[in-house]
Amino acid sequence: MTDALLPALVLATSLLPALVIFLLPEPAWRLRTAVNLAGAAAKLALVVVMLAGVAGGATYELRLPLVPGLDLLLRVDALALLFVTLSAFLWLLTTIYAIAYLGDGPDQSRFFGFFSLCVAATTGIALSGSLITFFVFYELLTLSTWPLVVHRGDAGSLAAGRRYLGYTLGGSAALLLGILWLESASGPVEFTAHGRLVGLDAGLLRGCFLLMVGGLGVKAALVPLHAWLPAAMVAPAPVSALLHAVAVVKAGAFGITRVVLDVFGPGLVQELGLGLPLAVAASFTILYGSLRALAQSDIKRRLAFSTVSQVSYIALGLALAGPVAAVGGLVHLVHQGLMKITLFFCAGALAETLHAHRVEELDGAGRRMPLTMLAFSIAALGMIGVPPMAGFVSKWWLGMGALQAGQPWVLAVLAGSSLLNAAYFLPLLHRAWFLPPRDAEAPAVPMFRREGDWGLVLPPVITAAAALAAGLFAAFAFSPLGWARLIIARDYGL
Amino acid sequence: MMPDLLAGFAALVLLSVAAGLARVLRGPTAADRMMAAQLLGTGGIATVLLLAAALDMPAAVDVALVLALLAAFAAVAFVKGASPEGTGDPEEEA
Amino acid sequence: MTALYLLDLVLVPAILLAACTAVGTRDRFAAVVSFIVYGLLLAIAWVRLGAVDVALAEAAIGAGLTGVLLLGALARMGRRADEAAAAGPPGRTLRLGAAALGAAVAAGIAAAVLALPEPAPQLSGAVAEALPALGLGNPVTGVLLAFRGYDTLLEAVVLLLALLGIWSLAPDPAWGGLPGLRHRARPEGVLAWLGRLLPPVGIVVGLYVFWVGADRPGGAFQAGTILAAVWILAVMSALVEPPAVRSLALRLALVAGPALFLAVGFAGLGLAGAFLGYPAAAGWAKPLILLVEAGLTLSIAATLALLVAGTPERAAG
Amino acid sequence: MTSAATLYGLAGAALVGIGLYGLAVQAHVLRKILAFNLIGSGVFLVFGAVAGRGGGAGGGDPVPQAMVITGIVVALSATALAVALALRLFRETGRVTLPPDPPAGARDG
Amino acid sequence: MADGLADGPWAELLVALPLAGMLLALPLGGRQAHRLALLVLAAGPVLALLLAAQLWQGGVVGVALGGFAAPLGIALRADGLSVLMLLTTAVVLCATGLAARAGFAPRPGQGETRAGLLFWPLLLALWGALNAVFLGNDLFNLYVALELLTLAAVPLVCIEGKPEAVAAALRYLLFALLGSVLYLLGAALLYGAHGTLDITLLAARLQPGPATWMAGALMTAGLLAKTALYPLHLWLPPAHAAAPAAASAVLSALVVKASFFILLRLWFDVMPALAGLGGATLLGGLGTAAILAGSLLALRQERLKLAIAYSTMAQLGYLFLMFPLAGGGTEAQPWSAGAWTGGVLHAVSHALAKAAMFLVAGLVLQAAGHDRIRALQGLGRAMPVAVFAFGLAGLSLMGLPPSGGFVAKWLLLTAALASGQWWWAVPMLAGGLLAAGYVFRLLNPALSAGEGQGWRPVRRRWQAIPLALALLSVALGLAPLLPYLLLGLGRSPAAEEGLG
Amino acid sequence: MSAWDLFTLAAVAAGAFFFLAGTVGLLRFPDVFTRLHALTKADNLGLGLIVLGLLPRAEGVFGALKLVAVWLLALLAAATVAQLVARLARREGDAGA
């Protein structure tokens, strides 16, 4: 009984708030806030329950037949939990942040309605037990994100929205075609049994893989399908956090993970000769993104290109096919989320409080907003891969995995990427901590009162702490790394 | 024998009035065209009567009756139709 | 009867010629006159084919009312500014293309007609078998009012709908008012005289056609058309004015026939166990059918007359 | 009888062709309506051929005959509505033809 | 109780009740007509559900009208396809009727007005005609029903009396008449060849031959003109754009589906054997052209209603893909009737979605006085519910989950790929992307922040009507199993085995 | 062939001749009024003779009455219409002049 109920409940904790919030009149901000936070908290609680259950070997499954051959299937496995935990945790924080960020701006019912819907879609993606279910929620995500991207309603937002839709819907079409093509040969594909695809025509399989990964690559911002992501920077900061850390980009990367691990299986991917091209594409994206980031002087755009680069670690890890690399990729799913959301929270807060949008405007920010900048610094160092930060853990496992898989060139990619990361993050830290503020008028407010609204400060501090902890306590079983190892152990049958 | 002859006459009458189509086409005035139609109407009535007799189909006489009635009707419509807006009376303006 | 083929040899070319004239001639008036002649010839053709019921309908509706409708419209659209003529005759390509299309379709249909199977499958036998139970002598009436009564019911509604459509084109200020323009006639003139003389005759003929319909060719549609025609004649002779469309009596007359048909149909659910069925008990079917026919005749006459009268254009006096 | 009926059926086929030609070639709305009526009566003649081939007394099969009567009434209804529309169009715009092409590219209307 | 449901004359009532309402509305007059009409319309979903129950319990419902069995008499027949269409029709018409009160109910203290009276009997007649089509089992009766439909639909196009609407209505009427006369010609030939026009009997008796072949071609051509399949679509966009929104909703959602429904009956029930591969491919090709041309034209429109109308043209194209794709799957696959079912589900979900869109367009016109897309800034704030409804309806058009359009498209796509005819999948996906293009192009200005203009306020309950329709079209995607099973009842074998 | 049949044939033949004459007049006469003259004379007489000829074959008195009624109706219509057409033709002529 409970087995089928829990996934539905987890989904409902964001779906219901979405529906309720849509119907709320604009001035009812108290109620809206309460509904938002209650939903987010409930979701986190349910996720914790499931975590305990799955660790103990329980499975949760909900099957909703639509028409013969088309079932909606929610199934909670370890990989699903990895993602759903991340998104549930970050959603809570993002909600707090967003409430503070938007203040008393217009159209909040619409914003938070779609915001919750977005998370519902992400939850659905995480819990999907079959390809077609995944696709359904993947589309829902696309559609519920669009109103958030264009939230401001100015010409720039609308243009970004158009670009976002153009890319993602095109990607979806490719994904759908790939899924249907595959299923027309194999029957409905669920994420449990391997070996279903064995014996199918290799050309067909390659074509399907290409279509699916290509489609997913749009959201995962694989070069050259990435151009929507920097453009979407016009959206409000919480939306950027959502795009980059909680939902959209992650959904793409998660999808690639599912396709490689649970649809084809790493063995088949290698057998078909698909791993290396994917690894090359991912590596190229990593380097290209970093290079572009280096060239940006707008903070948010720099962060955006950094995402393009960082997310591809996940694909890279999976493409290398060894269990060690796969662990590295998977754990980066979480680590990158924690670090990148911190960065965006901070960037948003800096923009709100100091009106700092460009790199040179950060001068002296450390003195004026020490907590925010501290969090920013932790995350940035993590991104660079400074030990013992979370980013270092990911890169370590990736590097080891590359060696194990006999692809030493990947080490060069990792090293180059780290150098580039350092090259575009360190100057920021330098300006913030070591340079005097540009405008001389010194803030007369006391320490900690300058930071602005606590709702803008607390979330990045927490995520930064989490990122730090993920690195420091990586060896524990319930750390992201521990969990990723569990997943890979189950998937590789180790 | 008799039905054949009657049918033959029906064909003859029809043939002769059908030639009136040329006048419908040629005009030149609306009145000419109407007259041709009128002739065709009467000839048609005659043809139907002859056919009714030839085929021994007395019910067909009713068709002739209706045609005769409607011939008058159509003719009035012709005349009306030739007036501006289709509502006039040639006698009135005369 | 070989001489009949002689007739066919005259009639068929005449029909085709009239059709060509109606389509091809430059002069629009000539085209409409040709069309009326064409209708007349078709009526003869139906007599020739032995389908007297159809001949009556074609004579009354095809040649009569349709022709009058077109004539009236032509008079109002008139010989004034005319971009159809200004645009010049249709282009050669269009004409050739249209001719090729027409010829191809005609050839296809002709081939299909020639390929129809022998002996022809038909329902005459079934109709003849079922007809006596209804007490009717005219199989066509049997088909229209009983076997395919559903079609006829829908058809009566179609007629009414056309009228509603025409009414819906009224200018708003004229709503509720009189249809069409006012006709004029010299009070003592020939037109008025004809208008006084013909209607009584026409009413007699109409009622006759209605009455014989049960057993011989005739029936509600033909009778209704004749009655409508004489009424229109009276209107054109400026003897009567059409009723205002807001008149309740008129509206009741318009819906009486189909409503009665529906009511009898519903009664059939109870009495005969089937919607639109007639009770099996002897002697019940025919009176009911006549009742329905009477209602239909009234409604069809009223509807057709107002169809020709046109859109309400004058506020009621 | 049978061959005569077929002859009228062929005439019906020709009438449909003539009517189609008229519908395509004539621009004036009334002429189009007229052409439509020609097609209609051509179709009725085909029905007549079908009925007449049935042989039997009084014009053969009564079922197609009844259908033709229904068809004639329906055609009249449609013609009346079309004529009224044409008149309204003429009164509103002075046009006796349909606008050459629907607004495909659609500027503001 | 259950027996009572299974025995009621629901099919007959579905045809007779609207007609009775229409006949009664006229003498009742303009102050009461709308009340009567709404009352009668409200009975629609109930009757359709009762018929569905009857079908569910007793299998395909057949009624010999007047007690005369075919071929002498006319039969009504309700299978799953009929019932689904009847249900859709009843729901859409109920919603449209409610929405139309805004424009066509008399204002207090006002006497009878032209549109205030005539709209309602026309709407009822339209409903009756649609029901007659969906229940008809006799090809000639279907002709009369189609004419009834046309004569009810055409006046609705120009009931507001705008000159461009009159021209559009006239063009529509001429196309429709040509279509029905060709259809009738085909019926004549079929009767000549087989001595009956009853669909069931014809299907059993059908002999291939020139007459049958020609009849099929003529009827198909006529029905295509009425369904506005490319390149016979010219009449549709002006007519559907010029009509008042409530009428457009019904025209786009339902009326074009009626002729398509007959086409389905013709091809799948009457003459599956005659539809050689060439014919089915031709229809599919024309459908593809319609999808692409209609979507591209919709993208170029400056006015909301025209854009929606062109989208109808495009969406109708999808329906024709089911001809080449029907059957198609290997016998091992459970969705062998997938394409057919998908096509029908598409028709239903499009009906719901498109009605919602046109009703929203009506609200826009009401609030703004125009429907120029560029000048709709701030609409999202002025009537958020309506814009949301528009977006939801858009989902169905794009074929994105969760919506009825998605399930439909999924079935069609699966059939295409499973049968190895992948080339039909390309226009489907492209059409979805193009649909996204025009839907979001319409949503863009609505969500943009510029205040644009002063909007007349529109009450939420008016906005709720299109929302309800849009939600239904989404719900169709969430719970398609019931309609799917319903469609299996009495489905023709050709739907499962394919044509030709 | 009975005497009545011979009477019928003779009358019908005469009627057909008048129709022919009427048509020739309609086609050959030079102006509207002379054509009208030819027409009215011809078709009324023609139809009258044919009706006369068919009377013996009529179906009882009622049938005969119907035949006569057809002729009378046609006569009536032709007479009045001739008058109206003449007026119209004169006006058209005036307008043309």
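Within every chain, numbering begins at 1; the chains are lettered A, B, ... in the order of the sequence lines, protein sequences first and strands thereafter. Hydrogens, waters and symmetry mates are skipped; everything else that's a heavy atom, side chains included, is used.
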S.K.: Taking side chain as everything from C-beta outward and backbone as N, CA, C, O, which of these in Tyr191(E) sits under 4.5 Å from a heavy atom of chain D? Side chain, backbone, both or neither.
M.R.: both
S.K.: Answer with side chain, backbone, both or neither: which region of Leu185(E) has an atom nearer than 4.5 Å to a non-hydrogen atom of chain D?
M.R.: both
S.K.: Can you tell which part of Ala86(D) gets under 4.5 Å to a heavy atom of chain E, answering side chain, backbone, both or neither?
M.R.: both
S.K.: Give, for atom CD1 of Ile39(D) and atom CG of Leu177(E), the distance between the pair rounded to the nearest 0.5 Å.
M.R.: 10.0 Å
S.K.: If I compare all heavy atoms of Ala188(E) with all of Val50(D), which pair ends up nearest, and what's the gap?
M.R.: O-CG2, 3.6 Å
S.K.: With a 4.5 Å cut-off on side-chain heavy atoms, are Val74(D) and Tyr143(E) touching?
M.R.: yes
S.K.: Is there side-chain contact between Phe47(D) and Leu184(E), with at least one heavy-atom pair below 4.5 Å?
M.R.: yes
S.K.: Measure across Met67(D) and Leu197(E) and return the closest heavy-atom pair with its distance rounded to 0.1 Å.
M.R.: CE-CD1, 3.7 Å
S.K.: Compare all side-chain heavy atoms of Leu85(D) with those of Val154(E) and state whether any distance is below 4.5 angstrom.
M.R.: yes
S.K.: What distance separates Leu23(D) CG from Phe175(E) CZ, expressed to the nearest 0.5 Å?
M.R.: 9.0 Å
S.K.: Quick one, Phe36(D) and Val181(E) - any side-chain contact, counting heavy atoms below 4.5 Å?
M.R.: yes
S.K.: Check each atom of Val68(D) against the heavy atoms of chain E and say whether the ones under 4.5 Å are side chain, backbone, both or neither.
M.R.: neither
S.K.: State the CD-CG distance between Glu164(E) and Leu89(D), to the nearest 0.5 angstrom.
M.R.: 11.0 Å
S.K.: Out of Leu81(D), Ile33(D), Val16(D), which one racks up the most heavy-atom pairs below 4.5 Å with chain E?
M.R.: Leu81(D)
S.K.: Can you spot which of Arg88(D), Arg95(D), Glu92(D) makes a side chain to side chain contact (heavy atoms under 4.5 Å, CB included) with Pro163(E)?
M.R.: Glu92(D)
S.K.: Pick one of side chain, backbone, both or neither for Leu173(E), based on which atoms fall under 4.5 Å of a heavy atom in chain D.
M.R.: side chain
